[in-house]
Amino acid sequence: MNVKYATVALIAVLFYEILLKTIHFLIPSVFTVSFFSSITSVLAVLSRIIILLFLYYFYQEEKSNRKIALILKILLFSFVCVYILKLSVLSKIIDYHVIVLSRHLFSFLNAVLFFIFIIIYKRECISEYKLLTRASVFVAIMFGIGIIKSLLALASYLRFVFSGYMTSFSPEFYHVVFLIFILTHLALLYFLFQYYKLKGPR
């Protein structure tokens, strides 16, 4: 496998996540069906493996830039930590609140790292490629919004941990979150399509 195949695999994952999120938004009851839940659990593991593979091959392709290489190393480590924290066996070893808080912290870290990465990558690696540069701007905007969303989720959970008060959001808020998710994935798809075209036939 090389970065082009990994890019195609990640594009497929993003389309799958958009479909899954839309189904969950429109028909949430379907996730109570054990068969459907089992399938999505297996596909979730496969999706995580593909994301890690993409980050690894992207790192191999772009590691000549030291700043990009460093950020990608941290992202790989952070993603591995997030995936480990999602293992159900951990709840038997570590306090549940510690696990959830750690997930929020790593999610916030990932959002910040992705934002920094795309800014540096745009400025130092692809400034002469107009379409990819434009795509990176869209991604940077969505990652910037993602930082705010992750910070809000972290603050909300910290409030719950220290005060016992769970922040309640309106239905419109969850509609906005869903829209942010879709727009972020579409921006990433646009970026990956342009990146795939840039790399050309191998």
Side-chain angles (χ1 to χ4, degrees), residues 4-55 58 75 78-80 82-88 99-100 103-115 117-118 131-132 134-157 160 166-197:
K4 285 204 71 176
Y5 291 118
T7 301
V8 172
L10 183 58
I11 286 171
V13 167
L14 292 177
F15 274 119
Y16 163 73
E17 289 184 346
I18 289 174
L19 176 63
L20 192 67
K21 192 74 172 181
T22 303
I23 293 172
H24 184 268
F25 182 75
L26 298 175
I27 323 170
S29 59
V30 75
F31 286 86
T32 60
V33 179
S34 58
F35 176 73
F36 188 82
S37 179
S38 300
I39 292 177
T40 54
S41 296
V42 172
L43 291 176
V45 174
L46 181 60
S47 298
R48 291 165 193 167
I49 292 171
I50 290 173
I51 291 171
L52 290 176
L53 283 173
F54 172 80
L55 288 173
F58 193 89
L75 271 172
S78 182
F79 265 92
V80 170
V82 169
Y83 295 157
I84 291 174
L85 287 168
K86 289 183 178 181
L87 296 174
S88 57
I99 293 174
V100 176
R103 288 181 191 170
H104 282 300
L105 286 170
F106 276 112
S107 294
F108 175 68
L109 174 64
N110 286 345
V112 172
L113 286 172
F114 269 124
F115 180 77
F117 159 77
I118 205 69
L131 289 176
L132 192 55
R134 184 187 302 167
S136 68
V137 171
F138 294 149
V139 173
I141 291 171
M142 296 315 301
F143 283 164
I145 295 173
I147 292 174
I148 298 172
K149 183 172 72 71
S150 298
L151 188 59
L152 182 62
L154 176 60
S156 176
Y157 192 75
F160 170 71
M166 179 68 75
T167 304
S168 57
F169 297 103
S170 67
E172 289 76 16
F173 173 81
Y174 292 104
H175 293 169
V176 172
V177 170
F178 171 71
L179 182 61
I180 291 171
F181 178 91
I182 298 298
L183 291 177
T184 302
H185 276 58
L186 291 176
L188 282 170
L189 283 169
Y190 181 41
F191 177 85
L192 290 171
F193 276 125
Q194 297 305 324
Y195 182 78
Y196 179 85
K197 289 165 62 178

| task | Mind checking ring-ring contact (aromatic ring centres under 6.0 Å, His included) for Tyr174 and listing every partner two or more places apart, or none if nothing turns up? | result | none
| note | Value for CG (Leu75) from CZ (Phe114), rounded to nearest 0.5 Å, stands at 5.0 Å
| Verdict with supporting geometry, Leu20 and Leu43, side chain to side chain contact (heavy atoms under 4.5 Å, CB included) | CA-CA 11 Å; Leu20 192 67; Leu43 291 176; over 6 Å; no
| note | By side-chain contact (heavy atoms from CB on, under 4.5 Å), Ser78 pairs with (sequence neighbours left out) Phe106, Leu109, Asn110
| message | For Leu105, give me all partners under side-chain contact (heavy atoms from CB on, under 4.5 Å), at least two apart in sequence or on another chain. | response | Leu101, Leu154
| Can you name the side chain to side chain donor-acceptor pair (under 3.5 Å) partners of Thr7, sequence neighbours left out? | none
| query | Could you state the interatomic distance from CD1 (Ile84) to CZ (Phe79), rounded to the nearest 0.5 Å? | reply | 13.5 Å
| task | Pick out which of Leu186, Leu188, Leu183 makes a side chain to side chain contact (heavy atoms under 4.5 Å, CB included) with Met142. | result | Leu183
| message | Checking Ile51 against Tyr83 for the side chain to side chain contact (heavy atoms under 4.5 Å, CB included) test, could you report, in this order, the C-alpha distance in whole Å, the side-chain angles of both residues, the deciding distance, and whether it holds? | response | CA-CA 11 Å; Ile51 291 171; Tyr83 295 157; 3.6 Å; yes
| message | Going by the rule ring-ring contact (aromatic ring centres under 6.0 Å, His included), which residues pair with Phe25 if we only count those two or more places apart in sequence or in a different chain? | response | His175, Phe178
| field | Which residues share a ring-ring contact (aromatic ring centres under 6.0 Å, His included) with Phe193, sequence neighbours left out | value | none
| request: Could you list the residues that satisfy side chain to side chain donor-acceptor pair (under 3.5 Å) with Tyr190, not counting sequence neighbours? | output: none
| query | How long is the span from the CG atom in Leu10 to the OG atom in Ser47, to the nearest 0.5 Å? | reply | 9.5 Å
| Sequence neighbours excluded, every pair satisfying side-chain hydrogen bond (donor to acceptor under 3.5 Å, both in side chains) that has a member inside residues 31-40 | none
| said: Can you pull out every side-chain hydrogen bond (donor to acceptor under 3.5 Å, both in side chains) where at least one residue sits in residues 11-24? Sequence neighbours excluded, please. | reply: Glu17-His185
| request: Applying ring-ring contact (aromatic ring centres under 6.0 Å, His included), name anything that partners Phe117, two or more places apart in sequence or on another chain. | output: Phe58, Tyr121
| field | Nearest-0.5 Å distance, CZ of residue Phe191 to CG of residue Leu14 | value | 12.0 Å
| message | Using 0.5 Å steps for rounding, measure from the OH atom of Tyr196 to the OH atom of Tyr5. | response | 7.5 Å
| For His104, all residues meeting side chain to side chain donor-acceptor pair (under 3.5 Å), sequence neighbours excluded | none
| said: As a test of understanding, state which of Val137, Val139, Ile141 forms a side chain to side chain contact (heavy atoms under 4.5 Å, CB included) with Ile118. | reply: Val139
| message | Would you compute the distance between atom CD1 of Ile18 and atom OG1 of Thr184 and round it to the nearest 0.5 angstrom? | response | 10.0 Å
| side-chain hydrogen bond (donor to acceptor under 3.5 Å, both in side chains) contacts touching residues 135-153 (sequence neighbours left out) | none
